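Keep in mind that this is a model prediction, so the values were computed, not measured. Throughout, protein chains are lettered first and strands after them, A, B, ... in sequence-line order, and every chain is numbered starting at 1.
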Number of protein chains: 2
Amino acid sequence: MDGSLEALDVIERQTAVLVRHFEMFYRRTDIHDDLDRAEYLLLRTLSEVGPQDINTLAAALGLDPSTAGRQVSALDRQGLVARAPAANDRRRSIITPTAAGLRRMEAVRTARAESLADLLGGWTEEELHTLGAMFTKYNGAVARKFLAGAAEEPVTAATR
Amino acid sequence: MDGSLEALDVIERQTAVLVRHFEMFYRRTDIHDDLDRAEYLLLRTLSEVGPQDINTLAAALGLDPSTAGRQVSALDRQGLVARAPAANDRRRSIITPTAAGLRRMEAVRTARAESLADLLGGWTEEELHTLGAMFTKYNGAVARKFLAGAAEEPVTAATR
DNA sequence: GTTAATATCGGCATTATACCGATGAATGTC
DNA sequence: GACATTCATCGGTATAATGCCGATATTAAC
C-alpha cells in the first residue's frame, strides 16, 4: 500500500497544479473569447448526446439547473441553441444546438486541439494515448461518484 | 499521425470535462472551506521551495503579481504566512509560511489525498502511478510553455 | 538628486457557479 | 373541475479566483 499512497500524493499535488494550469491556459489564449468554457462543454455535450431538456442536461454536466438554464439562455441569445417544448410534456423545454452553435463549437474544438498539439508536440503517440486514457479514466471515476444516473456511462466521461 | 490526432481529440475533450470535474469536486466537498485552492497551492509551493519574494512566487505560480500579493495578504491576515523585508534588498518582501500555515496546508493535503483514495479506490497501484506520471508530464509541458524561468524545472511541475 | 524597482493596496471587471425564490404554464391526481 | 405538483424562466445574492490598471511609499541604483 506504500506505493499507492505515494502515487496518491503525486496525484493530489498534480491535480492542484492542474487546476492552476487550466486557468492559465484559459486566460492566456484567445480560444475561449467567443465561447467560454462552460458554454463550449454544454454545446459539445448537446452535439454528442442530442437534444435534452434542461434538467437532464444539468445532471449530465453536474450543474445546478438554474446554472444550466442561465448558460442555455446566454447561448439562446447568441442563436447557438434553440428551445422548444417537448412533444410529450410541454412543461419541458428541449434544447437543441443550432447550426451556428455547432459551427462555433467546432471552431473552438479545432483551436483547442491545435493548441494541445503545440503544447504536446514532443510527446510520442503512445504517450498521447496514455494521457488521453488516463484523463478519461479519471473523469469516469469522478462522474460515477458525483453525477446522477451514473449507473450507465456518464455523459461527461464518454470517450467521444 | 492519424493516431496522434485521435489521441489529441480525446485529450482535448477530456480536459474540457476535467475542468468541470475539478470544479464539481471543489464545490461538493468541504475540503477547501478553510483554505481555498489558490491559497492551498501557494502555501504548498512555499513549503516546498522555501521563502520567496512576491514576484518570484507569482512567476512560479503563473499569477499576476497583484493577484499573488492579494493572496499573500489574505494568508497574512489569517496568520498563515509572514512577511519580512529581504536582507539584501529591503524593497523586497520575503514570504514565509508560518507553523499554523503549514499545519493548515497539511490538513488540506491529507483531506485531499483521502478524498482521492476514495475516488480512485478501485484502481491498481500501476494505474495510480501512471495517472500521477501523466498528470506530472502534462503539467511539465504546460509549465515549460507558460511559466517564466522554465529553463530549469518549473516549480509547479515538480514531482514532490 | 533623480530615476527605477518593489510591494501594498484597491478599483474595476470577468468567469462560473450555487442557492434561493417568484412566476406562469402545463401536467397529474383525486 | 379543483387542487397540487412539475418544469422552466428569470433574476437576486453571493462566492472564488483572476487580470489589468494605477496610486503610493519605501528602497536601491546611478
> Does OP1 or OP2 of C/dA16 have a side-chain N or O of B/R20 closer than 4.0 Å?
Replying inline: no
> Which one, C/dT17, D/dG19, C/dA16, comes nearest to the side chain of A/R27?
Replying inline: D/dG19
> Counting only N and O atoms by type, is there a donor-acceptor contact under 3.5 Å from the side chain of B/R104 to the main-chain atoms of B/D34?
Replying inline: yes
>> Expressed as a whole number of angstroms, how long is the span from A/L61:CG to C/dT17:P?
In response: 8 Å
>> If the condition is side chain to side chain donor-acceptor pair (under 3.5 Å), which residues does B/D53 pass it with, not counting sequence neighbours?
In response: B/T56
> Expressed in angstrom and rounded to an integer, what is the separation of A/N55 atom CG from C/dA18 atom P?
Replying inline: 13 Å
> How about B/L57 and B/Q71: do any of their side-chain heavy atoms sit closer than 4.5 Å?
Replying inline: no
>> What is the separation between atom CZ on A/F146 and atom P on C/dA18, rounded to the nearest whole Å?
In response: 13 Å
> Could one point to a donor on the side chain of A/R70 or the base of D/dG12 with an acceptor on the other under 3.5 Å away?
Replying inline: yes
> Given atom CD of B/E39 and atom C1' of D/dT15, what is their separation to the nearest angstrom?
Replying inline: 13 Å
>> Heavy atoms from C-beta onward define the side chain here; which of D/dC10, C/dT17, C/dT15 lies closest to that of A/A38?
In response: C/dT17
> So which of residues 91-100 of chain B are in contact with DNA chain C, with a heavy-atom cut-off of under 4.0 Å?
Replying inline: B/R91, B/R92, B/S93
>> Does a side-chain N or O of B/S73 approach OP1 or OP2 of C/dT8 to a distance below 4.0 Å, or not?
In response: no
>> Which residues in residues 74-88 of chain B have a heavy atom closer than 4.0 Å to any atom of DNA chain C?
In response: B/R83
> Rounding to a whole Å, what distance do you find between B/Y26:OH and C/dA18:P?
Replying inline: 12 Å
> The side chain of B/S66 lies closest to which of these nucleotides: D/dT18, C/dA16, C/dC9?
Replying inline: C/dC9
> Just how far, in rounded Å, is P of D/dT5 from CG of A/D89?
Replying inline: 17 Å
> Just by distance, do the side chain of A/R112 and the backbone of B/E12 share a donor-acceptor pair under 3.5 Å?
Replying inline: yes
> Would you call the rings of B/F25 and A/F146 parallel, tilted or perpendicular, where under 30° means parallel and over 60° means perpendicular?
Replying inline: perpendicular
> Would you say B/R20's side chain and A/L61's backbone share a donor-acceptor pair under 3.5 angstrom?
Replying inline: yes
> So, does A/T130 use its side chain to make a donor-acceptor pair with the main chain of A/E126 at under 3.5 Å?
Replying inline: yes
>> Given D/dA16, D/dT18, C/dT15, identify the nucleotide with an atom nearest to the side chain of A/D36.
In response: C/dT15
> Heavy atoms under 4.0 Å, any strand shown: does B/D64 hit a base, just sugar-phosphate, or nothing?
Replying inline: base
> Considering heavy-atom distances to DNA chain C, does A/T67 or B/D53 have its closest nucleotide positioned more toward the 5' end?
Replying inline: B/D53
>> What's the closest nucleotide to the side chain of A/I54 if the choices are D/dA8, D/dT18, C/dA7?
In response: D/dA8
>> Between B/E106 and B/R109 (salt bridge meaning N to carboxylate O under 4.0 Å), is one present in this structure?
In response: yes
> So, is the end of the B/R37 side chain (NZ or CZ) under 6.0 Å from the ring centre of B/Y26 and within 45° of the ring's axis?
Replying inline: yes
>> If hydrophobic clusters are built from ILVMFWY residues whose side chains come within less than 4.5 Å, do B/V19 and B/L119 share one?
In response: yes
> Rounded to the Å, how far apart are A/R28 CZ and D/dC20 C1'?
Replying inline: 13 Å
>> Without decimals, in angstroms, what is the distance between A/L57 CG and D/dA8 P?
In response: 10 Å
